[in-house]
Amino acid sequence: MPELPDVEGFRGVMQRCAGGRRVDGVEVRDAGVLRGVTARRLCRELQGRRFAQPWRHGKWLVTPSDGPALVWHFGMTGELLCAAPDDAVEAHDRLLITLDGGRQLRYRDRRKLQGVRLAADEAAVERILADLGPDARGLDLSRFLRLLSGRRGGIKSALTDQSLLAGLGNLLADEILWRARVRPDRSVRGLDDDELRRVHAAMGRVLRSSVRAGRVPARRGWLTGRRDDAEPVCPRCGRPLASGRTAGRRTVWCEHCQR
DNA sequence: TTGGTTGTTATTAT
DNA sequence: AATAATAACAACCA
């Protein structure tokens, strides 16, 4: 799941559940989600700390405290939940953080492709996020055009390159390009001004709706709502959708609508 | 059993 | 130097 909109949702969960709260207990149920920190040290460093305002960059969530910060990445299957401590713990709840005031933050992740890091200070956070481009949300047109100018290679691989701009994943990239009527395998250099503007405008609209929904919505009017159908058709023209591999990922597009 | 999956990273190739 | 392709990571589902 987690692309920019999902992580933005987790930021909200974090803020509502843990903002201003103190850590009363930490339970690591599966240390496989800890990156560069042992369960012992995580518990020791976090115990008694008070969470401050969480923030997001791309697909990363940073949750500072009056001590160290936690830096979260959700991989393909991670999520952050706010629970009551006596709610049943599920099989993939890997980390439980009990807060004062009677709530519990839970990191649930089936595949454990990413996880949680501990950053001692702001500089350590910056080091973790150092290779990311600017956040895709709120990127204005002129900055967007500047980022893409001189870029070789395909538009989809550019959009999903986190070091170029941060936050877009496979579903968002396909959705944006479908909306902009641009084929995913087009080279960036081959796109004219109008096409680039359309991609930027589609990015803005898709992100706005997706952030509101907390995910890329699988609505029937969206490509994302069709791509997993047995015989998917374009929501715009009704013709069968094409599917293949671009930038190493499954890619779905409409041969008729996207040029 | 095999293939596929919304994530990143390392390695190799172009 | 940049980009692209591939496998690996891990777990599950069809």
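Note on naming: letters A, B, ... go to the chains in the order of the sequence lines (proteins, then strands), and numbering restarts at 1 for each one.
The CG atom of Leu172(A) sits 10.0 Å away from the CE atom of Met203(A) when rounded to the nearest 0.5 Å. Taken to the nearest 0.5 Å, the OG atom of Ser209(A) stands 13.5 Å off from the CZ atom of Arg215(A). Here Leu99(A) contributes atom CG and Arg22(A) contributes atom CZ; the two are 10.0 Å apart, rounded to the nearest 0.5 Å. Note: His92(A) NE2 to Glu79(A) CD = 11.0 Å, rounded to the nearest 0.5 Å.
Nearest to the side-chain atoms of His73(A) among the listed nucleotides dT5(B), dA2(C), dG7(B) stands dG7(B). Between dT8(B), dT3(C), dT6(B), one nucleotide has an atom nearer to the side chain of Glu3(A) than all others, and that is dT6(B).
For a disulfide, the SG atoms of both cysteines must be under 2.5 angstrom apart; this holds for Cys17(A) and Cys82(A).
Two residues, Arg152(A) and Arg245(A), neighbour DNA chain C, and the one matched to the more 5' nucleotide by heavy-atom proximity is Arg152(A).
Atom P of nucleotide dT3(C) and atom CD1 of Ile155(A) are separated by 12 Å, given to the nearest angstrom. Atom pair Trp72(A):CH2 and dT8(B):P shows a separation of 18 Å (rounding to whole Å applied). In this entry the distance linking CD1 of Ile176(A) with C1' of dT6(B) reads 13 Å, nearest Å. When the P atom of dG7(B) is taken as reference, atom CG of Leu171(A) falls 7 Å away, rounded to whole Å. Rounded to an integer number of Å, the gap from Leu159(A) CG to dT3(C) C1' is 15 Å. To the nearest angstrom, P of dT8(B) lies 10 Å from CG of Asp161(A). Counting to the nearest Å, the P atom of dT6(B) and the CG atom of Leu223(A) are 12 Å from each other. Atom P of nucleotide dG7(B) and atom CD of Glu79(A) are separated by 16 Å, given to the nearest angstrom.
No salt bridge links Asp87(A) with Arg106(A); every basic N to acidic carboxylate O contact stays at or beyond 4.0 Å. Look at Glu195(A) and Arg259(A) and you find no salt bridge, because none of the NZ, NE, NH1 or NH2 atoms lies under 4.0 Å from a carboxylate O.
Residue contacts for Ser157(A): at a heavy-atom cut-off of 4.0 Å it reaches the sugar-phosphate backbone alone, with no base atom in range. Gly32(A) comes within contact range of no nucleotide atom at all, as no heavy-atom separation falls under 4.0 Å.
Separating the P atom of dA1(C) from that of dT8(B) is a span of 24 Å, rounded to the nearest Å. Taking atom P on both nucleotides, dT6(C) is separated from dG3(B) by 15 Å, rounded to a whole Å.
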Structure string for DNA chain B in dot-bracket form, Watson-Crick and G-U at under 3.5 Å, | interchain: .||||.||||||||
Sugar-phosphate or base contact per nucleotide [nucleotides 7-14 of chain C; S, B, -; heavy atom under 4.0 Å]: --BBBS--
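Note that Arg236(A) lies in the cation-pi zone of Trp178(A), set by a 6.0 Å cut-off to the ring centre and a 45° limit from the axis. At least one test fails for Arg117(A) against the ring of Trp60(A): distance under 6.0 Å to the centre or angle within 45° of the axis.
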For residues 45-54 of chain A, run the donor-acceptor check on the side chains, cut-off 3.5 Å, and write out each pair with its distance to 0.1 Å, sequence neighbours left out.
{"from": "Arg49(A)", "atom 1": "NE", "to": "Glu45(A)", "atom 2": "O", "distance (Å)": "3.4"}
{"from": "Arg50(A)", "atom 1": "NH1", "to": "Gly20(A)", "atom 2": "O", "distance (Å)": "2.8"}

